[in-house]
Amino acid sequence: MTNLETLVALAKRRGFIYPGSEIYGGLAGTWDYGHYGLALKNNLKNLWWQRFVTGREDIYGVDAAILMNQKVWQASGHTEKFSEIFQTQIGTGDDAAITYLRPETAQGMFVNFKNTVDSFHPTLPFGIAQIGKAFRNEIAPRDFLFRAREFEQMEIEYFVKPADWEKFFEYWRGEMLGWMRDIGLTSDKIHELEVPENDRAHYSKRTIDFEFDFPFGRKELCGLAYRTDFDLQNHRQASTVDLSYYNEETKERFVPHVIEPTFGLDRIILAVLTSAYTEDELGGEKRVFLKLKSELAPIKVAVFPLLKNKPELIAKARTVFNSLKAPTLGRDPDRSVGAITFDDNGNIGKRYRRQDEIGTPYCVTIDFQTLDDDTVTVRARDTGAQERVAVGELVDKIQNKK
Ligand code: GAP
């Protein structure tokens, strides 16, 4: 495992993550995602959304406003129990009203419980999912993305019959581990911690933290909580809006209980980078590469002309690049190789090293032999192995290797 400084330096050098407001000396607890960090983040969000929302029939998405009526935070208990809240004001002068930047996305789902039921008439169990920013006025932000003041969460509130909570708690435990496996976090680095009562959040009757072996030690990555009917009951009382659920079959009316799988996206990114960071020796030289799963890699294929000053090589490389890029642009999604880049900057060794550090699974080099026989060199990131492939077979080759 690498140390944190090495990871922070790589993330900056390769355009993944920069310190927030850096030219002014930074702003503690804030980080800006660059071109490749954003691609990695979007890939993770998409995989999460595919697995938990579009890939299922029982979970509905929502994208609630970050600013919420301050009564939400009074009813949820955050005003009283949660000290890291970011106060802000709505309006100006004497008419200004206090509210808070949300410390969790969860409340945006509870206040839309009734809307979701009225729009979609789901039967229990069902869930609401949201990906979005959360803010906490952490006293000591530290450890890169781990403890920030502005970060992103991916949360599900899963509504169940009160008697079923244990069954679904176990179910979500497995689902969370399954998704972490999907993105390449191996089980030897993930440890479950049963959170004792005095350490649990005010709304939780049971919490499991999934801890990860970060470079700075074993720390919480994500969590699973049994929130009972705490939130819906409190919002029901405070808003006087009926937030119960009516079961048509059994003719029962009750307030559902909630199982909450919650993922901090930035911590997931830090865990993915920690896991992917690899050092080895290739051709007698030390090298660093990100062993990212292909689905997560910001760039799937980099196309290189062997030399920059040979117009015929550049022209051929552009043709190959465009032929790979065309499906990516949506003309034929089944033939897509995903995001690709053209790189003619520096000698070929430097270009390989750059793409290795970005985590690009394949580099395709166009050389003089290409002009004769229409074949290119395909080089695999993890092994450094190279093979000759006909240009016409490139998409198949890359897709099969994904
Ligand atoms: N809705 C439940 C909730 O917010 P939490 O354990 O306080 O629970 C959920 O936060 C996840 O959000 C954590 O497991 C972590 O991944 C992430 N998280 C919390 N505080 C964070 C911070 N200051 N910086 C980065 N991520 C944070």
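Residue numbers run from 1 in the order of the sequence given. What you see is a predicted model, and the numbers here were worked out from it, not measured in a lab. Numbering of ligands and ligand atoms starts at 1, following listing order. Computed from heavy atoms alone, side chains included, the values below leave out hydrogens, waters and symmetry copies.
Every atom of ligand 1 is numbered from 1 in the order shown, and the set under 4.0 Å from a heavy atom of Glu260 is 1 (N), 2 (C). For ligand 1, the atoms sitting less than 4.0 Å from at least one non-hydrogen atom of Phe146 are 22 (C), 24 (N), 25 (C), 26 (N), numbered in the order shown with element in parentheses. Those atoms of ligand 1 with a heavy atom of Cys222 less than 4.0 angstrom away are 14 (O). Each of the atoms 25 (C) of ligand 1 lies under 4.0 Å from some heavy atom of Leu145. Counting atoms of ligand 1 from 1 in the listed order, those under 4.0 Å from a heavy atom of Glu138 are 22 (C), 23 (N). Taking a cut-off of under 4.0 Å to the non-hydrogen atoms of Glu155, the atoms of ligand 1 that pass are 1 (N), 2 (C), 3 (C), 4 (O).
Scanning the protein heavy atoms around atom 14 (O) of ligand 1, the nearest turns out to be Glu220 OE2, 2.6 Å. Protein heavy atom in closest approach to atom 15 (C) of ligand 1: Arg267 NH1, 3.5 Å. In terms of protein heavy atoms, atom 12 (O) of ligand 1 is closest to Gln153 NE2, 3.3 Å. With hydrogens left out, the protein atom closest to atom 16 (O) of ligand 1 is Leu221 O, 2.8 Å, a heavy atom. Ranking the protein heavy atoms by distance from atom 8 (O) of ligand 1 puts Tyr203 OH, 3.6 Å first. Scanning the protein for heavy atoms near atom 24 (N) of ligand 1, the closest one is Ala148 N, 2.9 Å. Protein heavy atom nearest atom 17 (C) of ligand 1, with residue, atom name and distance: Gly264 CA, 3.7 Å.
Judged as a ring-ring contact (aromatic ring centres under 6.0 Å, His included), and not counting sequence neighbours, the contacts of Phe212 are Phe214.
Residue contact annotation: Thr262 has a non-hydrogen atom under 4.0 Å from ligand 1. Under a 4.0 angstrom heavy-atom cut-off, Asp209 registers as lying outside contact with ligand 1.
Aromatic rings of Tyr33 and Tyr18 (six-membered ring for Trp) have centroids beyond the 6.0 Å cut-off, not under it. A ring-centre distance under 6.0 Å is found for Trp172 and Tyr158. The distance between the ring centers of Phe263 and Trp179 falls below 6.0 angstrom. Ring to ring, Trp73 and His78 are close: their centroids are under 6.0 angstrom apart. Side-chain rings of Phe342 and Phe321 approach one another, their centers coming within less than 6.0 Å. Ring to ring, Phe86 and Tyr100 are not that close: their centroids are 6.0 angstrom or more apart.
Residue-level proximity to ligand 1 for Arg227 is carried by the side chain, the only part with a heavy atom below 4.0 angstrom. Under 4.0 angstrom from ligand 1, there are no non-hydrogen atoms of Arg149.
Atom OG of residue Ser323 and atom CZ of residue Arg318 lie 12.5 Å apart, to the nearest 0.5 angstrom.
Applying the 6.0 Å contact sphere to CG of Asp94 captures no more than 12 heavy atoms from other residues, nucleotides or ligands.
Of the listed residues (Trp31, Phe135, Phe151), the one carrying the non-hydrogen atom nearest atom 18 (N) of ligand 1 is Phe151. Between the choices Arg136, Glu104, Lys219, the shortest heavy-atom distance to atom 5 (P) of ligand 1 belongs to Arg136.
Relative ring orientation between Phe304 and Tyr352 is described as tilted, the plane-to-plane angle lying within the 30° to 60° band.
In this structure, Glu252 does not pair ionically with Lys161, as no charged nitrogen and carboxylate oxygen lie closer than 4.0 Å.
For the ring pair (Phe, Tyr, Trp, His ring centres under 6.0 Å) criterion with Phe159, the lone passing option out of Tyr245, Phe168, Phe113 is Phe113.
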